[in-house]
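Residue numbers start at 1 and run along the sequence shown. Source: prediction; values computed, not measured.
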Amino acid sequence: MVKGKKNPQYVKTVIGPGLALIALLGIASYALLGPTGIIAWTDYRAALSERKIELAKLQKERDSLRNRQLLLDRDNVDPDLAGELMRKELNVVAPDEVVVPLK
C-alpha cells in the first residue's frame with residue numbers, strides 16, 4: 001500500500017460538508033458584522049433616540065404653524081395677527097401710530 005495517495009472518494013465526501021460549513025460561517029459573520037447585523041443595532045438605537053428628539057421638535061413647530069394657519073383663515077382672520085403682518089411685510093403705519101425702533 002502506498003502512503004502518499006488519498007482516497008478520491010474520501011475527498012468527494014469532504015467537499016460537500018466543507019462548502020456548507022464555509023457558507024454557514026459566511027452567513028453568520030454577515031449576521032454579526034453586516035450593515036444590519038447585531039453589532040450595528042447599538043448605532044441604530046442611538047440614531048433612533050436622536051431622531052425621536054428631532055421628531056418632537058418638528059411636531060412642536062408643525063403645531064405652531066398649524067395654529068398660525070388657523071389664525072389666518074380667510075373667513076375668520078385674527079385682527080391682531082393681520083395688523084402685525086401688514087406692518088411687518090408692507091411697512092404700513094397708521095397716521096396716529098408712533099414707530100419706536102428697537103435697534
At their closest point, which heavy atom of Ala40 faces which heavy atom of Pro35, and how far apart are they?
-> CB-O, 3.5 Å
Considering residues at least two apart in sequence or located in another chain, which fulfil the side chain to side chain contact (heavy atoms under 4.5 Å, CB included) criterion with Arg66?
->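 Result, side chain to side chain contact (heavy atoms under 4.5 Å, CB included) vs Arg66: Arg62, Asp63, Gln69.
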Please identify each residue that fulfils side chain to side chain contact (heavy atoms under 4.5 Å, CB included) with Glu97, with sequence neighbours left out.
-> Arg87, Val93, Ala94
Starting from Leu71, walk the hydrophobic network (Ile, Leu, Val, Met, Phe, Trp, Tyr; side-chain heavy atoms closer than 4.5 Å) and list everyone else you reach, by chain and number.
-> Leu72, Leu81, Leu85
Run through the side-chain heavy atoms of Ile, Leu, Val, Met, Phe, Trp and Tyr, join any pair under 4.5 Å, and report what else lands in Ile38's cluster.
->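 Leu32, Leu33, Ile39, all in the cluster of Ile38.
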What donor-acceptor contacts under 3.5 angstrom involve side-chain atoms of residues 16-31, with partners at least two apart or in another chain?
{"unit_1": "Ser29", "atom_1": "OG", "unit_2": "Leu25", "atom_2": "O", "d": "3.2"}
{"unit_1": "Ser29", "atom_1": "OG", "unit_2": "Gly26", "atom_2": "O", "d": "2.9"}

Show your reasoning for whether side-chain contact (heavy atoms from CB on, under 4.5 Å) applies to Trp41 and Thr36.
-> CA-CA 7 Å; Trp41 279 0; Thr36 58; over 6 Å; no
From CG (Asp43) to CZ (Arg45), nearest 0.5 Å | 11.0 Å
Qualifying residues under side chain to side chain donor-acceptor pair (under 3.5 Å), relative to Gln59, sequence neighbours excluded =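 Side chain to side chain donor-acceptor pair (under 3.5 Å) check on Gln59 returns nothing, list empty.
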